[in-house]
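Worksheet for the structure shown next.
Not measured: the values here are computed from a predicted model. We name chains A, B, ... by the order of the sequence lines, and we start the count at 1 in each one.
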2 protein chains.
Amino acid sequence: MKAKKEEEIFADYASRKNLKHSGRRDAILKIFLKSEKHLTVDELFQLARKASPGIGYATIYRTLKHFCASGLCREFKCEDGFTRYEHLYGHEHHDHLICTQCGKFVEVVHPSIEKLQAQIAEREGFILTKHKLELYGVCKNCRKK
Amino acid sequence: MKAKKEEEIFADYASRKNLKHSGRRDAILKIFLKSEKHLTVDELFQLARKASPGIGYATIYRTLKHFCASGLCREFKCEDGFTRYEHLYGHEHHDHLICTQCGKFVEVVHPSIEKLQAQIAEREGFILTKHKLELYGVCKNCRKK
DNA sequence: CTCATATTGAAAATGATTATCAATTTCAAA
DNA sequence: TTTGAAATTGATAATCATTTTCAATATGAG
């Protein structure tokens with residue numbers, strides 16, 4: 001029951017933060033959890049508007065901040081200028097392979113790269129806190145077209 | 001004569017693009033070439049203002065666009081939200097190791113990582129066009145403090 | 001039920017960047 | 001040297017994504 005677990009994570013956060021109950025927020029959470037894509041703010045807004053007509057843009061932003069703070073998701077500033085939000089729960093650390101034609105996101109994991117990064121950092125006397133690796137290219141599907 | 005060479009690169013571009021001569025631009029170029037740092041727009045603006053009082057912010061932006069188009073430099077959108085400009089000429093492809101305390105930039109090259117990236121992309125059926133690898137951490141100096 | 005506090009949408013504010021515009025400068029050709 | 005088309009410039013307005021403000025409303029503990 002992954003979805004259940006994610007809802008619990010947010011419920012815990014909400015009670016920790018003394019958030020009050022809100023239908024809007026529930027709707028946004030449901031939509032976010034249902035989508036496995038890396039949604040942009042606007043995509044989420046469009047979907048939320050269907051479920052909760054009259055919802056404002058600011059509410060999406062505010063709610064996403066909460067989701068991030070709760071550990072449910074993470075902001076991902078993409079090269080195309082749009083910020084996307086990706087699920088964190090149940091997703092081990094990964095990097096991204098992104099198709100510049102269709103926008104497909106592939107989450108990739110490669111322990112050897114992580115190891116090499118640590119080596120580089122050590123060689124230069126750094127202690128690594130985080131890294132960002134994005135591979136941009138064209139996927140098989142888009143090449144056929 | 002690296003500096004000479006860089007000036008030539010820009011001169012070629014300028015003549016190709018029918019740019020007219022400009023004292024402002026010369027000053028900005030000189031400042032940019034003299035600095036080996038990854039300057040932000042504002043840092044460059046502050047420096048340029050000393051050399052050319054009265055210079056406007058827009059001129060910095062416009063000139064940097066030209067520098068990029070000429071192949072002299074490259075925009076680097078940093079995690080801290082500031083766009084920096086780095087020298088391209090004489091700098092082979094590299095990734096960045098960045099100190100989150102003092103902002104120190106180290107250019108790192110690691111062929112094995114490049115190879116692994118190509119492997120990952122191939123495994124997923126992608127043809128790589130570019131990549132972005134940034135390592136964030138704390139440098140030796142900052143750890144001492 | 002009550003009241004402090006969280007939530008909301010609309011609209012204003014922000015901050016980085018770009019576009020506009022009228023004034024000025026450059027430079028090739030006359 | 002003069003001329004005039006085209007480039008350059010600074011100031012300012014416009015964008016665009018995101019944040020903040022604010023007054024109105026909703027929530028929920030006591």
Side-chain angles (χ1 to χ4, degrees), chain A residues 10-32 38-70 73-85 103, chain B residues 10-32 38-70 73-85 103:
Chain A
F10 190 71
D12 287 353
Y13 167 85
S15 101
R16 219 161 47 236
K17 289 282 185 175
N18 293 115
L19 302 190
K20 292 185 175 168
H21 185 264
S22 141
R24 299 291 205 218
R25 194 152 53 206
D26 287 351
I28 299 173
L29 180 56
K30 206 151 141 192
I31 291 164
F32 175 72
H38 289 63
L39 291 171
T40 62
V41 177
D42 195 64
E43 285 167 343
L44 194 51
F45 174 66
Q46 299 304 338
L47 292 170
R49 207 160 52 155
K50 280 180 200 149
S52 284
I55 197 171
Y57 228 98
T59 299
I60 306 292
Y61 275 106
R62 284 187 283 234
T63 304
L64 281 170
K65 290 276 171 249
H66 279 311
F67 290 176
C68 287
S70 77
C73 74
R74 194 163 69 89
E75 272 192 8
F76 180 86
K77 286 175 194 280
C78 202
E79 282 284 283
D80 62 11
F82 294 103
T83 299
R84 286 155 215 274
Y85 291 81
Chain B
F10 190 72
D12 286 354
Y13 167 86
S15 101
R16 217 159 50 233
K17 290 281 185 173
N18 294 325
L19 301 190
K20 293 187 173 166
H21 186 264
S22 140
R24 300 291 204 217
R25 195 154 50 207
D26 286 351
I28 298 173
L29 180 57
K30 205 150 139 195
I31 291 164
F32 174 73
H38 290 63
L39 291 171
T40 62
V41 177
D42 195 62
E43 285 167 344
L44 193 52
F45 174 66
Q46 299 304 338
L47 292 170
R49 207 160 52 155
K50 280 180 200 148
S52 284
I55 196 170
Y57 227 98
T59 300
I60 307 291
Y61 276 105
R62 284 187 284 236
T63 305
L64 281 170
K65 291 274 171 249
H66 279 312
F67 289 176
C68 288
S70 77
C73 73
R74 194 162 69 89
E75 271 191 3
F76 180 85
K77 286 177 194 281
C78 203
E79 283 284 282
D80 63 11
F82 295 104
T83 300
R84 286 154 215 275
Y85 291 81

Tell me, please, which residues at least two apart from A:Phe45 pass ring pair (Phe, Tyr, Trp, His ring centres under 6.0 Å).
A:Tyr57

Of residues 48-62 of chain B, the positions that come close to DNA chain C - non-hydrogen atoms, cut-off under 4.0 Å
B:Ala58, B:Tyr61, B:Arg62

Heavy-atom distance under 4.5 Å between the side chains of B:Asp26 and B:Phe10, does that happen here?
no

Pairwise distance CZ(B:Arg25) to CD1(B:Ile55) - rounded to 0.5 angstrom:
11.0 Å

For a 4.5 angstrom cut-off between non-hydrogen side-chain atoms, does A:Leu19 reach A:His66?
yes

Interatomic spacing from NZ in B:Lys17 to OG in B:Ser70 - rounded to 0.5 Å
10.5 Å

Considering all heavy atoms, the nearest A:Leu29-A:Phe67 contact
CA-CZ, 3.5 Å

Return the value, rounded to whole Å, for the distance between atom CG of A:Leu29 and atom P of C:dT7.
14 Å

D:dT19 C1' sits how many Å from A:Glu75 CD, rounded?
12 Å

Taking the nucleotide of DNA chain D with the nearest heavy atom to each, does A:Phe82 or B:Thr63 sit closer to the 5' end?
B:Thr63

Compare all side-chain heavy atoms of B:Tyr85 with those of B:Phe32 and state whether any distance is below 4.5 angstrom.
yes

Atom NZ of B:Lys65 to atom C1' of D:dT8: distance rounded to whole Å?
17 Å

Rounded to the nearest Å, what distance is computed from the CZ atom of residue A:Phe67 to the P atom of nucleotide C:dT7?
12 Å

Is there side-chain contact between B:Leu64 and B:Val41, with heavy atoms separated by less than 4.5 Å?
yes

Short side-chain to backbone donor-acceptor contact, A:Glu43 and A:Thr40, under 3.5 Å
yes

Any side-chain N or O of A:Thr83 less than 4.0 Å from the OP1 or OP2 oxygen of D:dA17?
no

Integer-rounded Å distance: C:dA16 P and B:Leu44 CG:
15 Å

Expressed in angstrom and rounded to an integer, what is the separation of B:Lys77 atom NZ from D:dC16 atom P?
15 Å

Looking at DNA chain C, which of residues 11-28 of chain B put a heavy atom within less than 4.0 Å of it?
B:Lys20, B:His21

